[in-house]
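Here is the structure we will look at, set down as structure tokens.
Being a predicted model, the structure only gives us computed values, none of them experimental. In what follows, every chain begins at residue 1, and chains take the letters A, B, ... in the order their sequences are listed.
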Amino acid sequence: MNLLEKVNIWADILGFGFWIVVIAVFWIGDFAVRIITKRFSKKVLGKEDVKAWSIFKYKGPVEHH
Amino acid sequence: MAELEYAPIPRRFFHFAHLICIVGLTISGLYIRFPFYQGGMTFMKWAHYVLMYVVGVNLILRIIYCFFTVDKSAYKDLAIGLKDIKNTPAVLMYYGYIKDDYPHIAKYASMQKMTYDLFWVLLFIQGFTGFSLMWREQLLSWCAGPFGGVAIAAAWMRVFHYIGMWIFVIFTTIHAHLSIQEGYPIMKHWIFWVTPPWLKGEWEEMLKKGEAHH
Ligand code: HEM
Ligand code: HEM
């Protein structure tokens, strides 16, 4: 196998491999940890935690007077 | 000073067009490499060829927009300085669930800036490697020597183009996840054009602190 063929095959292996790892780590792993720790959107809003089950209904930070 | 929003409409438009193009180019490109069903090659090649011009025009307009319009200072939000690099460990601690927060020194965190810069640099690379598959002599004869001829140089460009696709796919996967998880309301603003009422105030605060530009 020449270098070009090797790079082609490694591009397949590493490309699909890393992509699957990234999906596992982020889309599945990180999402699971967020549900367990209930840590959602805290950084952007900086004001309050948003619970896992209410993230899709969240309307922005509540004003505290 | 012109009245501007967190993300003015042209920026949301260019971003949306980029999104559609990258998804379309990835699907059609993957089909060209791995024809995963029968008889789609003509359509997929055609789709790739149309989208590559659309994405190219979109990129050029985006660059013109970021240097010559009322929104022209916003490109500074993507500049990476020493203070961004110094802040990176703190950002990583936050995403590693070790710390609850990190110092907000700019509109975008350092790795976020790197990702956005990578996106446009990589798009130029995809453009060059992609067009060099079409116009081999014109684009490759100046550098074909070390490869051992134009045909072999083109074969390398094809691999580079394919590797470029993976980098796009992997970073877009992360980018989309974090935009939903970390900034759901802001994601809705960019993708679905729904503006939360507090966004303007939030952004003006950032401008005041010098964390964002316009
Ligand atoms: C301006 C940008 C682009 C240009 C000019 C371009 C051009 C091309 C051309 C000419 C081909 C060969 C098609 C054929 O064999 O007939 C190709 C293949 C391909 N393109 Fe693009 N493309 C561009 C952007 C992209 C982007 C952004 C992606 C993915 C994110 C992508 C992914 C692919 C893939 C995976 C292939 C198949 C490569 C292979 O056969 O190994 N392209 N492109
Ligand atoms: C797949 C779905 C995608 C989603 C949900 C998404 C979401 C977002 C959001 C919410 C922002 C704004 C962040 C903020 O202002 O805090 C953003 C910015 C950005 N995104 Fe995406 N994005 C997607 C795909 C892409 C793709 C495919 C590209 C590039 C090829 C891209 C390139 C960028 C860039 C360069 C910015 C910086 C802001 C600007 O363009 O003015 N995004 N994205």
Side-chain angles (χ1 to χ4, degrees), chain A, chain B residues 26 30 33-34 91 94-97 99-104 107-109 112 147-148 151-189 194-199 201-202 205-206:
Chain A
M1 222 195 310
N2 66 29
L3 185 60
L4 181 62
E5 287 164 331
K6 278 188 196 143
V7 174
N8 250 303
I9 287 178
W10 280 106
D12 282 339
I13 296 170
L14 294 178
F16 279 110
F18 270 115
W19 191 37
I20 290 166
V21 168
V22 163
I23 288 179
V25 168
F26 277 86
W27 283 9
I28 301 167
D30 185 64
F31 188 58
V33 176
R34 278 165 198 268
I35 289 174
I36 294 162
T37 60
K38 301 192 172 105
R39 201 172 83 180
F40 280 95
S41 285
K42 194 173 169 188
K43 184 214 106 191
V44 166
L45 304 165
K47 291 180 177 92
E48 57 188 278
D49 281 311
V50 182
K51 302 288 182 273
W53 49 89
S54 59
I55 178 77
F56 295 110
K57 286 186 247 144
Y58 190 63
K59 295 276 191 286
V62 182
E63 294 294 333
H64 297 290
H65 295 283
Chain B
T26 301
L30 275 175
R33 190 181 179 91
F34 308 106
V91 178
Y94 170 77
Y95 283 113
Y97 293 90
K99 286 272 158 63
D100 280 339
D101 209 345
Y102 64 88
H104 291 265
K107 184 173 175 186
Y108 300 136
Q112 198 177 1
F147 289 100
I152 302 173
W156 277 102
M157 292 305 142
R158 190 174 151 228
V159 184
F160 295 153
H161 196 72
Y162 178 60
I163 294 170
M165 178 212 70
W166 277 121
I167 298 173
F168 255 121
V169 167
I170 286 166
F171 276 84
T172 304
T173 303
I174 300 170
H175 174 66
H177 172 79
L178 291 181
S179 81
I180 296 166
Q181 298 302 339
E182 286 291 316
Y184 182 69
I186 296 179
M187 186 281 291
K188 278 206 307 198
H189 176 65
V194 182
T195 307
W198 47 267
L199 187 60
E202 193 106 327
E205 222 170 276
M206 269 188 211

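With values rounded to the nearest 0.5 angstrom, A:F18 atom CZ is found 10.5 Å from B:I167 atom CD1.
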(Q) With side-chain contact (heavy atoms from CB on, under 4.5 Å) as the criterion, how do B:V169 and A:V22 come out once you've worked through the C-alpha distance, each side chain's angles and the decisive distance to 0.1 Å? (A) CA-CA 10 Å; B:V169 167; A:V22 163; over 6 Å; no
Q) Going through the checks in order, is the side-chain contact (heavy atoms from CB on, under 4.5 Å) test met by B:R33 and A:N8? A) CA-CA 11 Å; B:R33 190 181 179 91; A:N8 250 303; 2.6 Å; yes
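At a 4.5 Å heavy-atom cutoff, the contact between B:L178 and chain A is made by side-chain atoms alone. Only the side chain of B:I163 comes within less than 4.5 Å of a heavy atom in chain A; its backbone stays farther off.
Two residues are said to be in side-chain contact when any heavy atoms from C-beta on lie closer than 4.5 Å; A:W27 and B:T173 meet this criterion.
In terms of non-hydrogen atom pairs under 4.5 Å with chain B, the most contact-rich of A:D30, A:I23, A:L14, A:L3 is A:D30.
Dense packing is recorded around CZ of B:F147, with more than 12 heavy atoms of other residues, nucleotides or ligands lying under 6.0 Å away.
Aromatic ring pairs are classed by plane angle as parallel below 30°, tilted from 30° to 60° and perpendicular above 60°; the pair A:F16 and B:F34 is tilted.
Side-chain contact annotation: A:D12 with B:Y162, donor-acceptor N/O pair under 3.5 Å present.
Considering all non-hydrogen atoms of both residues, A:L4 and B:A155 come closest at CD2-CB, 3.5 Å. Closest of all the heavy-atom pairs between A:F31 and B:Q181 is CD1-NE2, 3.1 Å.
With sequence neighbours excluded, no residue forms a ring-ring contact (aromatic ring centres under 6.0 Å, His included) with B:H161. Taking the ring-ring contact (aromatic ring centres under 6.0 Å, His included) definition, one finds that A:W19 meets it with B:W166, sequence neighbours left out.
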